[in-house]
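Since this is a predicted model, take the numbers as computed values, not measurements.
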Amino acid sequence: MSDIQERIAVSFKSQGLMATLGAKLVSVADGEVQIELPFSTQLSQQHGYVHAGAITSIVDSACGYAALTKAPLESEVVTAEFKINFVRPAIGERFLAVGKVQTSGKLLTVCTGEVRALSGTVWKVIAIMQATIVNVRA
């Protein structure tokens, strides 16, 4: 495991929200991070779909950690802004958030993210995010 993979794995384990949601860190690569969330009725909204807040949380974290793969070693990252579009209801057995760095600089990193829902053997995109992540001193 590389230093950045280890750093992100340790950070991810310290996030209480990700543990509460039941999310798992799936992969860490240069400029890309994937986080998986199993369906749970505890995370549903009134129509039985996974709540937008849970979906937003995993894709925000995926984008933030993707940005961290590009950040200077002495930096941490925080989200400054994001926009999310929900293109389908969050219906599925599992959800995969994929955060990807589009461009990174000294201070700001722009990422895109998407969340895919697995139903049976078919993955469908249910949400798309654009996020601006800021490097901050550790």
Side-chain angles (χ1 to χ4, degrees):
M1 184 180 284
S2 74
D3 288 346
I4 192 66
Q5 289 170 323
E6 173 86 16
R7 181 178 178 196
I8 289 172
V10 167
S11 177
F12 186 85
K13 285 179 186 173
S14 73
Q15 280 199 22
L17 180 60
M18 292 297 108
T20 298
L21 294 174
K24 294 180 182 150
L25 185 63
V26 174
S27 74
V28 175
D30 187 34
E32 181 177 313
V33 169
Q34 297 182 5
I35 296 171
E36 186 175 83
L37 179 70
F39 175 81
S40 168
T41 58
Q42 297 300 310
L43 302 177
S44 66
Q45 42 84 296
Q46 69 276 15
H47 301 294
Y49 314 144
V50 172
H51 195 283
I55 296 299
T56 301
S57 294
I58 63 168
V59 70
D60 173 46
S61 285
C63 286
Y65 283 127
L68 189 58
T69 70
K70 298 290 193 180
L73 288 176
E74 68 278 2
S75 294
E76 289 290 335
V77 296
V78 294
T79 302
E81 175 274 338
F82 63 71
K83 162 78 168 100
I84 189 163
N85 293 98
F86 295 94
V87 297
R88 286 188 177 83
I91 300 170
E93 295 101 45
R94 290 186 294 145
F95 302 87
L96 182 68
V98 181
K100 293 183 182 181
V101 171
Q102 298 302 313
T103 186
S104 62
K106 281 184 174 181
L107 185 61
L108 299 178
T109 302
V110 176
C111 297
T112 55
E114 70 177 35
V115 180
R116 304 168 190 154
L118 178 66
S119 292
T121 60
V122 178
W123 287 97
K124 291 185 180 178
V125 174
I126 62 160
I128 301 167
M129 175 180 275
Q130 179 167 313
T132 304
I133 311 297
V134 180
N135 295 337
V136 296
R137 291 179 190 224

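E81 and K83 make their closest contact through OE2-N, 3.9 Å (heavy atoms, listed as atom of the first residue, atom of the second, distance). In terms of heavy atoms, A66 sits closest to G31 at CB-O, 3.8 Å. Closest non-hydrogen pair, A71 versus S75, comes out as CB-CB, 4.3 Å. Nearest heavy atoms, C63 versus A131: CB-CB, 4.2 Å. The heavy-atom pair separating F39 from G48 by the smallest distance is CE1-O, 3.7 Å. Residues A127 and F86 share a closest heavy-atom pair of CB-CD2, 3.9 Å.
Going from atom NZ of K100 over to atom SG of C111 covers 11.5 Å, rounded to the nearest 0.5 Å. Considering OG of S61 and CD1 of I8, their distance stands at 11.0 Å, rounded to 0.5 Å. Here N135 contributes atom CG and L108 contributes atom CG; the two are 8.0 Å apart, rounded to the nearest 0.5 Å. Separation of atoms CD1 (I133) and NZ (K70) is listed at 14.5 Å; rounding is to 0.5 Å. Expressed to the nearest 0.5 Å, how far CZ of F95 lies from CG of L118 amounts to 9.0 Å.
Within 6.0 Å of CG in N85 there are more than 12 heavy atoms belonging to other residues, nucleotides or ligands. Within 6.0 Å of CD on Q102 lie more than 12 heavy atoms contributed by other residues, nucleotides or ligands.
In this structure a side-chain-to-backbone donor-acceptor pair under 3.5 Å is present from S57 to G53. A donor-acceptor pair under 3.5 Å links the side-chain atoms of Q45 to the main chain of H47, judged by distance alone. Within the 3.5 Å criterion, the main-chain N or O of T41 finds a donor-acceptor partner in the side chain of S44. Put simply, the side chain of E74 never gets that close to the backbone of A138: no donor and acceptor are under 3.5 Å apart. The main-chain N or O of V26 is never found under 3.5 Å from a side-chain atom of E36 such that the two would form a donor-acceptor pair. Under a 3.5 Å cut-off, the side chain of R88 and the backbone N or O of V125 do form a donor-acceptor pair.
Transitive grouping of hydrophobic side chains (ILVMFWY, heavy atoms separated by less than 4.5 Å) keeps I55 and I128 in distinct clusters. Both M18 and L68 belong to a common hydrophobic cluster when Ile, Leu, Val, Met, Phe, Trp and Tyr are linked at side-chain heavy-atom distances under 4.5 angstrom. One hydrophobic cluster holds both V50 and L17 under the rule that ILVMFWY side chains link at heavy-atom gaps under 4.5 Å. Neither I91 nor L21 shares a network with the other; the hydrophobic side chains, linked directly or stepwise wherever heavy atoms of I, L, V, M, F, W or Y lie under 4.5 Å apart, form separate groups for each. Linking ILVMFWY side-chain heavy atoms closer than 4.5 Å, directly or via other members, places F12 and I58 in a single hydrophobic cluster.
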Test side-chain contact (heavy atoms from CB on, under 4.5 Å) on M129 and V115 and set out the steps. CA-CA 9 Å; M129 175 180 275; V115 180; over 6 Å; no
Candidate pair H51 and L43, rule side-chain contact (heavy atoms from CB on, under 4.5 Å), full reasoning: CA-CA 6 Å; H51 195 283; L43 302 177; 5.7 Å; no
For E32 and Q34: C-alpha separation, side-chain torsions, deciding distance, then whether side chain to side chain donor-acceptor pair (under 3.5 Å) applies. CA-CA 7 Å; E32 181 177 313; Q34 297 182 5; 2.9 Å; yes
Show your reasoning for whether side-chain contact (heavy atoms from CB on, under 4.5 Å) applies to Q5 and T69. CA-CA 8 Å; Q5 289 170 323; T69 70; over 6 Å; no
Verify side-chain contact (heavy atoms from CB on, under 4.5 Å) between V28 and Y65, making sure each step is shown before the conclusion. CA-CA 8 Å; V28 175; Y65 283 127; over 6 Å; no
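When each of L107, V77, T79 is paired with V134, the side-chain contact (heavy atoms from CB on, under 4.5 Å) condition holds for L107 and for no other.
Side chains of Q130 and V110 form a contact here, defined as non-hydrogen atoms less than 4.5 Å apart.
Residue V122 belongs to no hydrophobic cluster, having no ILVMFWY side-chain heavy atom closer than 4.5 Å to its own.
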